[in-house]
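So you know, we letter chains A, B, ... as the sequences are listed, proteins then strands, and number each from 1.
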Number of protein chains: 2
Amino acid sequence: METHPPLPRDRELDEGTYAQVRALITSGELAAGSWLREKTLAERIGVSRTPIREALNRLSAEGMVEISRNKGAQVVSFTPDDVAGLYDVRAGFEPHAALLAVPRLTDQDVDRLAELAAAMEEAVRSGQLDSLSALNSAFHGLFVDRCGNRHFATALQTLMRPAVVAHTFRKYSPEALNRSMLHHAELVAAARARDGEWAEAIMRTHILAARNAAGARHDRH
Amino acid sequence: METHPPLPRDRELDEGTYAQVRALITSGELAAGSWLREKTLAERIGVSRTPIREALNRLSAEGMVEISRNKGAQVVSFTPDDVAGLYDVRAGFEPHAALLAVPRLTDQDVDRLAELAAAMEEAVRSGQLDSLSALNSAFHGLFVDRCGNRHFATALQTLMRPAVVAHTFRKYSPEALNRSMLHHAELVAAARARDGEWAEAIMRTHILAARNAAGARHDRH
DNA sequence: GGATCTCAGGTTGCATACAAAATGCACCAA
DNA sequence: TTGGTGCATTTTGTATGCAACCTGAGATCC
């Protein structure tokens with residue numbers, strides 16, 4: 001008996017409801033602070049409330065949305081101090097991840113980094129600042145994924161995902177934007193040389209520069 | 001006999017399905033690797049499958065359980081390398097959390113730390129090694145919670161929660177166990193003096209000692 | 001005898017229905 | 001006008017039913 005051919009319509013479920021809701025947030029379609037109504041999202045994505053609730057719970061655990069009991073979920077909004085804290089912490093964690101990851105990178109990984117860096121430069125040239133965020137988080141995410149420690153990776157992703165919400169390249173001056181691209185290129189070079197310490201150093205530089213570019217310097221208390 | 005010392009119920013008390021499921025894991029009642037059947041848990045806790053599913057999703061996002069699609073959830077299990085990696089990362093970042101947290105502690109916070117440290121010593125004296133894990137994670141969690149950076153706190157908790165599953169004081173030698181208690185006492189002293197740098201130093205010592213006591217030394221490449 | 005197929009049991013994924021809680025607004029009184 | 005009160009609507013929280021899927025045991029075929 002030949003089996004039923006699988007209905008060829010499952011392409012719309014790329015990665016599931018969770019990814020779609022997250023995309024609505026990272027794309028900026030749902031701004032920081034806006035409410036995420038279960039029914040609205042359910043109709044928009046075309047599923048029932050149940051998978052929406054699961055997605056919101058997961059996003060809440062990851063820090064991208066905040067849920068108040070019996071009141072619903074809203075996209076996290078950041079005080080300037082939150083943003084500053086985020087950069088501080090990233091400045092602490094991500095260079096360490098780079099140090100761990102670089103010696104483990106495959107040649108394909110390095111090529112992918114180069115590809116992403118090139119795509120970002122192209123995006124800057126053509127003024128497509130919106131697509132930068134996704135590329136940038138893929139670039140940084142690769143270092144995190146390859147750090148060789150499962151739990152460090154998930155913790156770091158928990159840390160970085162809300163950063164995507166807060167981070168916008170639109171605040172950058174042309175000069176800062178250019179410097180950021182140079183950092184990416186140098187990270188690729190360090191990766192290609194499999195020099196973890198070099199990567200660690202430039203990553204730290206990169207994040208501290210970003211902290212300034214985003215106007216997120218801390219006032220020392 | 002007095003078997004009810006001030007248990008760590010400062011956060012959400014047992015109200016909440018999530019907390020109850022987590023308690024089953026942290027208490028060791030559900031060992032690493034064992035399956036978490038939704039129906040079984042639902043009957044055991046006395047709710048329907050829906051809140052159980054939400055709890056499992058959240059625990060999955062926090063790294064304490066692993067969910068395979070259509071197959072169910074199981075308590076996360078650790079390779080020795082995972083455990084070693086966890087200690088490495090904690091050694092890197094928890095001392096920093098202590099440095100940030102100590103100047104912000106209230107007097108009540110310090111009293112709570114002292115209370116927890118005393119409860120742990122009592123547990124050691126009476127051989128109740130099982131209750132140590134919960135007390136210990138409450139103790140460390142307080143430093144993390146008070147570090148003054150929301151995102152740093154959630155990331156570190158994501159990192160530490162699975163560690164609770166892996167961490168067992170049963171591997172400790174009596175000597176190591178005793179040293180660990182002394183570290184806690186010294187952390188309380190540093191906290192009472194509001195000396196962040198002292199706390200940072202002893203916290204780092206504490207974690208590196210724990211790494212050895214748990215037999216989780218890395219081969220550094 | 002060994003491998004494959006079929007089917008039954010059980011488990012998860014999703015949709016729907018209902019209960020509980022919160023919000024907003026009209027209305028009333030001071 | 002202003003402040004409070006009660007009701008109606010909206011929204012979330014939970015329970016339950018059903019379909020899809022995975023797993024394992026027994027039958028079947030070579």
Return no unless some side-chain N or O of [X] is found under 4.0 Å from OP1 or OP2 of [N].
{"X": "A:R53", "N": "D:dG13", "result": "yes"}
{"X": "B:K71", "N": "D:dC21", "result": "no"}
{"X": "B:R37", "N": "C:dT12", "result": "yes"}

*Heavy-atom closest pair, residues A:C147 and A:L100*: O-CB, 3.5 Å
Rounded interatomic separation in angstrom, taking [atom1] from [X] and [atom2] from [N]:
{"X": "B:L56", "N": "D:dT14", "atom1": "CG", "atom2": "P", "value": "14 Å"}
{"X": "B:K39", "N": "D:dC18", "atom1": "NZ", "atom2": "C1'", "value": "15 Å"}
{"X": "A:N70", "N": "C:dT23", "atom1": "CG", "atom2": "P", "value": "9 Å"}
{"X": "B:E38", "N": "D:dT14", "atom1": "CD", "atom2": "C1'", "value": "14 Å"}
{"X": "A:R69", "N": "C:dT23", "atom1": "CZ", "atom2": "P", "value": "14 Å"}
{"X": "B:Q20", "N": "D:dT14", "atom1": "CD", "atom2": "P", "value": "12 Å"}
{"X": "B:W35", "N": "D:dC22", "atom1": "CH2", "atom2": "P", "value": "13 Å"}
{"X": "A:I52", "N": "D:dG13", "atom1": "CD1", "atom2": "P", "value": "14 Å"}

*Can you find an N or O donor on one side and an acceptor on the other, under 3.5 Å apart, linking the side chain of A:R49 with the base of D:dG13?*
yes
*Can you tell me how far the CZ atom of B:F139 sits from the NE2 atom of B:H183, to the nearest 0.5 Å?*
11.5 Å
*asked:* Of the listed nucleotides (D:dT12, C:dT23, D:dT14), which one gets closest to any side-chain atom of B:S48?
replied: D:dT14
*Ignoring the backbone of A:V47, work out which of D:dG13, C:dA15, D:dT14 is nearest its side chain.*
C:dA15
*Mutual orientation of the aromatic rings belonging to B:H140 and B:H206 [parallel < 30°, tilted 30-60°, perpendicular > 60°]*: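 Parallel: the ring planes of B:H140 and B:H206 meet at under 30°.
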*Flag the pair B:Q157 / B:D145 as yes when at least one side-chain heavy-atom distance between them is below 4.5 Å, and no otherwise.*
yes
*Do B:T79 and B:D82 have a side chain donor and acceptor closer than 3.5 Å?*
yes
